[in-house]
Amino acid sequence: MRGAAARALATALGCLVLVVAGVGDACAQTELPGIVVTAPSPIVRAPARRAAPATPAQASATEQAADTGASNQPPPGSIVVVDDAFVPVTVVTEREVLASAGPTITDSLVQKPGILGSTFAPGANRPIIRGLESNRVRVQENGIGSHDVSALSEDHAVPIDPFSADRIEVVRGPATLRYGSQAIGGVVSVENSRIPMFIPPKGFSAEIKGGISSADMGRDGAFQATGGAGNFAVHVDTFRRRTFDYDTPQGVQPNSFVDSKGVSLGGSYIWANGFFGVAWTRYESLYGVPGAEALEERPRIDMIQDKLTSKGEWRVHDYGIEAIRVWFGTTRYAHNEVVFDELDETDIIGTRFTNREHEARAEVQHLPVHTALGELRGAAGVQWGAKRTAGFPVAEEGDGLLDPAARQRMIAGFLFEELEVTKRLRLQAAGRIEGNKADGTGVEDPLVSTDPALFSRSYAPVSGSLGLLYELPLGVVARVTAQHTERAPDVGELFSKGPHEATGTFEVGNPNLSVEKANTIEFGLKRSQGHVRFDASVFHTRYDGFVFKSFTGRDCDDTLASCGSGSELAELVFAQRDATFTGAEIGAEVDIGRVHRGVWGVSGQYDFVRASFDDHVNVPRIPPHRVGAGLYYRDPAWAARVFTLTAFRQDDVSSIDARDTPTNGYTLLNAELAYTFKTRDDGNLASSMTIGLKAENLLDDDVRNHVSFKKDEVLQPGRTFRLFGSIKFN
């Protein structure tokens with residue numbers, strides 16, 4: 001048995017090497033998580049606080065990380081600001097990401113409570129949190145935004161590859177005030193070691209990983225290494241992935257391919273009380289957009305992004321300051337939307353999108369202050385951002401979505417304070433004030449005039465939150481948070497005025513949009529230790545001036561002047577109405593007993609969101625109810641899981657959006673088995689291998705994602721098998 005496993009692992013290693021060389025297929029490493037929301041994040045309690053005992057699942061993860069030589073944990077002495085117990089934090093581990101068959105970071109999140117993806121195309125799948133998407137969900141890497149144009153339209157991708165992630169976190173609630181009004185619905189944060197925060201224990205660490213999948217004949221591979229000595233550390237990583245048109249229960253889905261690659265170089269100066277580093281990253285992707293016109297026009301998006309980021313931390317421990325942290329990022333982004341011209345039998349570029357964006361943030365955390373009410377911890381910070389976004393026609397005549405380019409600038413200040421009243425009771429308060437200015441060319445009322453005009457709009461969103469955390473008996477922690485958040489409209493919502501072929505719409509912004517306001521109350525219960533572990537949340541949000549896309553009933557061609565007499569594209573305008581969102585999320589695990597060296601148990605989850613406007617009209621494309629259950633087994637070498645997730649039929653469609661049609665339910669049956677094998681530990685450099693097999697949609701069910709614009713045209717992948725593996729050196 002051991003010899004067979006070793007031979008299989010040796011074969012997997014050869015496969016991995018070939019993928020990195022670009023001539024073969026590969027395998028990646030995985031580990032099943034303990035519970036949906038209990039892994040560490042950068043938003044955790046400070047080291048001075050007493051830590052909760054590790055759950056069996058967390059202990060298993062720690063053992064396996066030690067076996068594989070993982071070295072992605074923060075350096076000793078790192079100080080953080082906000083306690084994640086006040087808000088739900090969903091964490092996806094590196095091994096979960098590597099086992100996922102999808103080419104986007106969202107593919108690793110979509111089966112977590114409260115999270116779905118837009119699934120417009122396999123290469124463009126933006127996260128949707130509690131029914132909120134686009135400009136209400138921020139996607140970031142190491143604290144800096146993704147700086148793309150994915151919020152403008154569902155066919156635009158997020159230029160962050162899953163293989164770059166050491167972990168992915170989804171943060172909701174008060175902690176989002178650190179990142180801006182565009183994070184009103186949540187933050188999807190990719191954390192990695194592209195900017196090293198510490199030198200590997202033995203001076204060097206490396207990993208090769210990858211996988212092959214059946215439904216899309218996909219193959220992917222990646223390599224990363226970190227090394228250092230003295231006060232300096234350097235990091236390099238690269239990836240390559242390619243998938244072909246995937247299979248569905250009804251046949252091949254045309255034009256659903258993805259071809260992407262990337263490289264990153266980074267380095268840091270590290271000293272006893274901190275670090276400062278920079279990293280450069282290039283991301284390239286070419287992917288198809290499936291749908292009704294896929295066979296004739298073969299629409300594709302050809303994307304490239306260059307990003308320079310930096311971050312640092314200085315643990316002062318003096319002058320009343322505990323730590324100072326800084327982040328900075330600057331980006332050049334561009335993509336071409338390409339279609340095939342049957343008459344000339346050539347490819348033409350219909351529209352080109354560009355984005356030039358800069359962002360900076362700094363935080364100062366004060367030393368703990370002992371007051372009459374208890375110990376007070378907190379931090380204050382500032383954030384600045386500026387971007388210039390354009391979308392203009394290249395080879396065709398017509399109006400551009402954002403032509404000429406639109407500009408938006410933001411500066412903000414924020415404050416977090418946490419008071420430990422007793423060992424069981426903690427209080428938290430947070431606030432943010434923001435100045436936001438947008439300049440562009442738009443149309444005040446397309447029904448009255450189609451003549452564009454210059455507009456300059458200024459906004460001053462103010463947000464705040466209060467939270468209470470109380471430790472109940474049996475290790476249960478109760479939380480209550482109340483939050484008022486305000487969001488400034490984005491340039492696309494204000495100044496759009498052109499065709500969007502991928503969605504079949506002609507989008508017209510509204511320069512008169514006001515600040516979007518939301519009041520949220522949330523209750524939660526969490527138990528992260530013992531044989532029974534869970535995290536449950538119930539929330540209710542009231543929106544004042546919820547921004548949405550409203551269809552006018554008119555059709556357009558390629559120009560604004562054609563609206564009302566055209567026939568190709570459905571006209572939509574950005575409008576505002578009051579709305580209410582109510583929902584719940586729960587994830588749970590129960591360890592039943594021990595078998596051999598491990599533990600087996602059952603897991604379950606449930607989530608739903610209900611959203612309607614004040615006149616009881618449903619908000620379009622709201623996720624259906626979902627319920628899931630499974631069995632798992634874990635020990636230091638083996639990890640196994642069988643899980644089923646059922647999405648129910650969604651009939652709560654919107655009467656103001658003819659494209660929001662009812663969607664049948666579906667059931668996903670997934671299974672996974674992984675084995676980790678330690679190959680060498682000679683005292684200098686340890687190495688280990690992991691090989692695994694994951695099956696998704698074993699029932700080969702027809703899956704139509706209700707939140708997707710393409711749900712009536714595009715089926716999601718059918719039965720899929722993925723072989724994955726990795727080898728680590730540390």
Side-chain angles (χ1 to χ4, degrees), residues 120-121 124 134-135 146-157 159 284-287 289 293 297-306 331-341 344 346-358 386-409 438-444 446 449-457 489-511 549 556-563 566 568-574:
F120 197 90
S134 300
N135 293 303
S146 57
H147 293 182
D148 50 48
V149 294
S150 63
L152 280 179
S153 179
E154 289 75 9
D155 62 314
H156 301 168
E284 299 177 38
S285 184
L286 173 67
Y287 59 90
V289 178
E293 299 178 348
E297 297 188 357
R298 301 203 291 273
R300 287 147 285 155
I301 289 183
D302 191 359
M303 171 203 301
I304 186 170
Q305 183 192 63
D306 285 302
T331 302
R332 288 184 181 274
Y333 170 98
H335 82 242
N336 294 326
E337 301 192 349
V338 185
V339 295
F340 180 74
D341 188 329
D344 296 335
T346 59
D347 289 334
I348 61 173
I349 300 174
T351 305
R352 181 175 176 84
F353 284 87
T354 62
N355 190 53
R356 186 76 171 95
E357 190 163 353
H358 318 279
K387 67 178 181 178
R388 184 177 185 272
T389 309
F392 51 90
V394 176
E396 297 179 341
E397 295 183 356
D399 294 333
L401 191 69
L402 286 172
D403 185 19
R407 298 175 182 268
Q408 192 159 22
R409 297 169 297 282
D439 300 304
T441 302
V443 179
E444 189 161 9
S449 172
T450 59
D451 295 328
L454 292 173
F455 291 91
S456 182
R457 293 290 183 257
D490 186 71
V491 291
E493 297 168 319
L494 293 168
F495 307 129
S496 293
K497 55 184 184 309
H500 215 126
E501 300 288 350
T503 56
T505 58
F506 193 101
E507 300 180 9
V508 183
N510 183 354
K549 297 177 180 180
C556 310
D557 291 327
D558 292 332
T559 63
L560 186 61
S562 70
C563 291
E568 296 181 3
L569 306 170
E571 183 187 39
L572 62 80
V573 298
F574 285 88

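Keep in mind it's a predicted model, so treat the numbers as computed, not measured.
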Asks: For the atom pair NE2 (H335) and CZ (R352), what is the distance rounded to the nearest 0.5 Å?
Replies: 9.5 Å
Asks: May I ask you to say whether K387 pairs ionically with D148, meaning some side-chain N is under 4.0 Å from a carboxylate O?
Replies: no
Asks: What's the spacing between N336 CG and I304 CD1 if we round to 0.5 Å?
Replies: 10.5 Å
Asks: For the side chain to side chain contact (heavy atoms under 4.5 Å, CB included) test, which of L402, T441, V508, D403 pairs with F495?
Replies: L402
Asks: Would you say that I301 contacts H156 through its side chain, given a criterion of any heavy-atom pair below 4.5 Å between the two side chains?
Replies: yes
Asks: Pair T559, D399 - check side chain to side chain donor-acceptor pair (under 3.5 Å), show working.
Replies: CA-CA 5 Å; T559 63; D399 294 333; 4.9 Å; no
Asks: For atom CZ of R409, is the number of surrounding heavy atoms from other residues, nucleotides or ligands below 6.0 Å larger than 12?
Replies: yes
Asks: Under a 4.0 Å N-O cut-off, is there an ion pair linking D347 with R298?
Replies: no
Asks: For E444, I'd like to know if atom CD has over 12 heavy atoms of other residues, nucleotides or ligands within 6.0 Å.
Replies: no
Asks: Please report the interatomic distance NZ(K549) to OG(S496), rounded to the nearest 0.5 Å.
Replies: 8.0 Å
Asks: Measuring from atom OG1 of T331 to atom CD of Q305, what distance do you get when rounded to the nearest 0.5 angstrom?
Replies: 5.0 Å
Asks: So, taking the atom named OG in S150 and the one named CZ in F353, what distance separates them when rounded to the nearest 0.5 Å?
Replies: 12.0 Å
Asks: Which pair of heavy atoms, one from P299 and one from E293, lies closest together, and at what distance?
Replies: CD-O, 3.8 Å
Asks: Find the distance between NE2 (H147) and CZ (R356) and round it off to the nearest 0.5 Å.
Replies: 10.5 Å
